[in-house]
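Here's the structure we're looking at; comments come further down.
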Amino acid sequence: MMLADPSKKYRRMYQRVDLPDRQWPNNEINKAPIWMSTDLRDGNQAIFEPMNMEQKFKMFQMLVKIGFKHIEIGFPSASQIDFDFTRKLIEEGHIPDDVYIEVLVQARDHLIQRTFESLQGAKRAIVHIYNSNSPTFRNKVLNVDVEGAKQLAINAAQKVKEYAAKQPETEFVFQYSPECFTATELEVAKDVCDAVTEIWEASPENKVILNLPATVEVSGPHIYADQIEWMHRNIQRRDGVIISVHCHNDRGCGIAASELAIMAGADRVEGCVFGNGERTGNVDVAAIALNMYTQGVAPNLDFSNINEIIATVEECTGLPVHPRHPYAGDLVFTAFSGSHQDAIKKGFEFQKNEEIWDMPYLPIDPKDLGRDYDAVIRVNSQSGKGGIAYLLESNYNVILPRRLQIEFSQIVQKRTDEQGTEISATEIWKLFKETYVDAKNVHYSAKNYKLSDDNGNQVIELDLEIDGQSRRVRGEGNGPISAILDALQLPIDVLNYEERSISSGAHAKALALIELQVKGTGKSAFGAGVHDNIVTSSIEAIIASTNRLIDQDVLSTDQVIAAAV
């Protein structure tokens, strides 16, 4: 089945803006807007089961803690639970002095009256009225002409002003939204907004909020920016107006539209913390705020414990935060790709705490959001040596030589291919020990040793168990490693040896890594030893390496027996 011919079914729903000298493309966001959370209203009406009183209160407390100063708490004229919740916040004194609660109401007289009843005794509040002025709504929903739509707004604005005058104890701020602004002729939207701000006597001392929403996103974000800049330039009483934007995400451009709108003159952004809302959602406030943060601009919202915020939102809404959600998702700081892992690992080696954050693939420091680095690199069948090496280093302080990284990554790759799943750092460490440490017991093993000094030389006596029989060997050298190799009397050379502590405190473990090569063959093998004592771990590493060379058929147990006779 083919999609229908769009030219016969769809048309442009927005008005092109004649703005040849537009300024917004050259502007930058250098300060945070006023933020308004719609989680308790728009977000609440978009979930399967609206929040109960307890959930709404928990969400409200979270929004206050994040730092929202404007919080839309509901639609009290249309919902008893919203009415009761508004009363609870006011009567029980839960609203901080610097926070404005906001309530939404349609431009209808009886609903406006009920709304003001819910706000009795509030210290400060925003009353938000709206009606649509777009051609579609005028013709198909409201059955009014342009003047009729304007009159609806005027009547509602007058009623709001009258009711507010009866409650002088409350500091009221008035907000008007020409719903479906983006699909409304700009001249019509301006005319209606000017009429409302005139009634409300907008001035620098008496600010009025004009919310210019993308109720349905019908254009690209550049068109929306043009519309906002046009209104910013042309509305009357601009110095008495806070231009607010409320972008939905129907085209997937809500974040971009909001950011460009700020550049175009908007003062305020409405949205939900993680983009919940009707249809495809309101704009994602966390994403915009943290976008600003990564550019060195303080967003004035606190997401330093983003996991706690996620838990609250998921509990109250019943909606999961997507694992690939910008900044918040479980996997957004996680690299499975081998090339990504390698770049991140190298980036961490250069990144210093006091320096500007400059990391491959990580636009923000996970620690700024309360995340640790444990989840930054995770390993599956798509991963490479860099990710494996990073997990061993960050979790166990084990730094693998490059050639061992390459070899071990193939072993991990084989395991993940077999399992078809991700492998954890714990499982990687277990596989490493199975491969390189436990080899100390495969063909022959060291049971006991005695190390002594003989005129500056190290002397070792070593008990070996070979094919169930005990043999003793003796060797000497200028250090424990050379003494052990002298005792074994095998045709091997040391290509690489490293030792380090892999834990701290009283239970610290020493890790020895060695690569031995059989002379004349070019064949080598790595071995590892882990023990409280570094000499013991070195012996175990050498025995493990030689056992792995026996597995490769370049050494034999007969050679070990001959050396031990």
Side-chain angles (χ1 to χ4, degrees), residues 397-401 403-404 432-433 435-565:
N397 199 32
V398 173
I399 300 176
L400 302 182
R403 294 195 327 109
L404 181 52
F432 178 85
K433 290 198 294 183
T435 305
Y436 298 103
V437 178
D438 294 348
K440 67 185 179 182
N441 296 317
V442 175
H443 298 289
Y444 77 104
S445 59
K447 296 303 180 185
N448 299 291
Y449 72 90
K450 179 182 178 183
L451 189 65
S452 60
D453 182 85
D454 183 8
N455 295 321
N457 277 345
Q458 296 286 301
V459 177
I460 192 166
E461 295 179 9
L462 186 64
D463 291 331
L464 302 177
E465 185 172 297
I466 310 168
D467 294 337
Q469 298 182 5
S470 295
R471 305 290 176 93
R472 172 164 288 197
V473 294
R474 182 183 183 279
E476 60 182 78
N478 58 10
I481 302 301
S482 59
I484 296 164
L485 294 176
D486 181 61
L488 292 177
Q489 288 293 302
L490 294 172
I492 51 178
D493 291 321
V494 178
L495 291 186
N496 185 39
Y497 174 79
E498 297 179 16
E499 61 184 48
R500 67 185 297 113
S501 174
I502 58 172
S503 56
S504 59
H507 302 289
K509 296 287 186 182
L511 169 70
L513 290 172
I514 198 163
E515 182 181 13
L516 301 177
Q517 183 180 63
V518 177
K519 295 177 180 180
T521 67
K523 301 288 187 179
S524 66
F526 286 95
V530 178
H531 199 274
D532 298 344
N533 183 283
I534 186 58
V535 175
T536 304
S537 63
S538 299
I539 293 171
E540 291 181 350
I542 292 170
I543 301 300
S545 177
T546 53
N547 273 317
R548 296 188 73 237
L549 287 168
I550 293 171
D551 282 336
Q552 295 180 30
D553 292 327
V554 289
L555 276 183
S556 68
T557 52
D558 289 341
Q559 289 174 285
V560 176
I561 293 172
V565 170

**OP:** Applying side-chain contact (heavy atoms from CB on, under 4.5 Å), run through Val442 and Arg548 and close with a yes or a no.
**Re:** CA-CA 8 Å; Val442 175; Arg548 296 188 73 237; over 6 Å; no
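Here the closest heavy-atom approach between residue Ala510 and residue Ser537 is recorded as O-CB, 3.6 Å. In this structure, Val398 and Ile502 approach most closely via the heavy-atom pair CG2-CG2, 3.7 Å. The minimum heavy-atom distance between Gly479 and Gln458, with the atom names listed, is CA-CG, 3.6 Å. Across Ile460 and Ala483, no two heavy atoms sit closer than the pair CG2-O, 3.6 Å. Residues Val535 and Asn533 come closest through the heavy atom pair N-OD1, 2.8 Å. Ile492 and Lys519 make their closest contact through O-CE, 3.8 Å (heavy atoms, listed as atom of the first residue, atom of the second, distance).
Screening residues 443-467 for ring pair (Phe, Tyr, Trp, His ring centres under 6.0 Å) gives no qualifying pairs among residues at least two apart or on separate chains.
Residues forming a ring-ring contact (aromatic ring centres under 6.0 Å, His included) with Phe526 (at least two apart in sequence, or on another chain): none. Every side chain to side chain contact (heavy atoms under 4.5 Å, CB included) that Gln552 has, sequence neighbours left out, goes to Lys523, Ala525, Leu549, Val554.
Using a cutoff of 4.0 Å between basic side-chain nitrogens and carboxylate oxygens, Arg471 and Asp463 are not scored as salt-bridged.
When atom types are taken as modelled, the side chain of Asp486 and the backbone of Glu476 share a donor-acceptor pair closer than 3.5 angstrom. Checked by atom type and distance alone, the side chain of Ser538 pairs as donor or acceptor with a backbone atom of Ile534 at under 3.5 Å. Judged by distance alone, the side chain of Asn547 and the main-chain N or O of Ile543 form a donor-acceptor pair under 3.5 Å. Checked by atom type and distance alone, the side chain of Gln469 never pairs as donor or acceptor with a backbone atom of Ile466 at under 3.5 Å.
Contact annotation: the side chain of Leu511 never approaches that of Glu499 to less than 4.5 Å [non-hydrogen atoms, C-beta and beyond]. Under the 4.5 Å side-chain criterion, counting only non-hydrogen atoms from C-beta, Asp493 is not in contact with Ser524.
Once rounded to the nearest 0.5 Å, the distance linking CG of Asn496 with CD1 of Ile514 reads 8.5 Å. One distance of note links CG of Asp453 with CG of Leu451; it measures 8.5 Å at 0.5 Å rounding. Put simply, CZ on Arg500 and CG on Asn397 are 4.5 Å apart, with the number rounded to the nearest 0.5 Å. How far CD1 of Ile484 is from CG of Leu490: 12.5 Å, rounded to the nearest 0.5 Å. In this structure, NZ on Lys447 lies 14.5 Å from CZ on Arg472, to the nearest 0.5 angstrom. Within the model, atoms CG of Asp558 and CD1 of Ile550 stand 9.5 Å from one another, a figure rounded to the nearest 0.5 Å.
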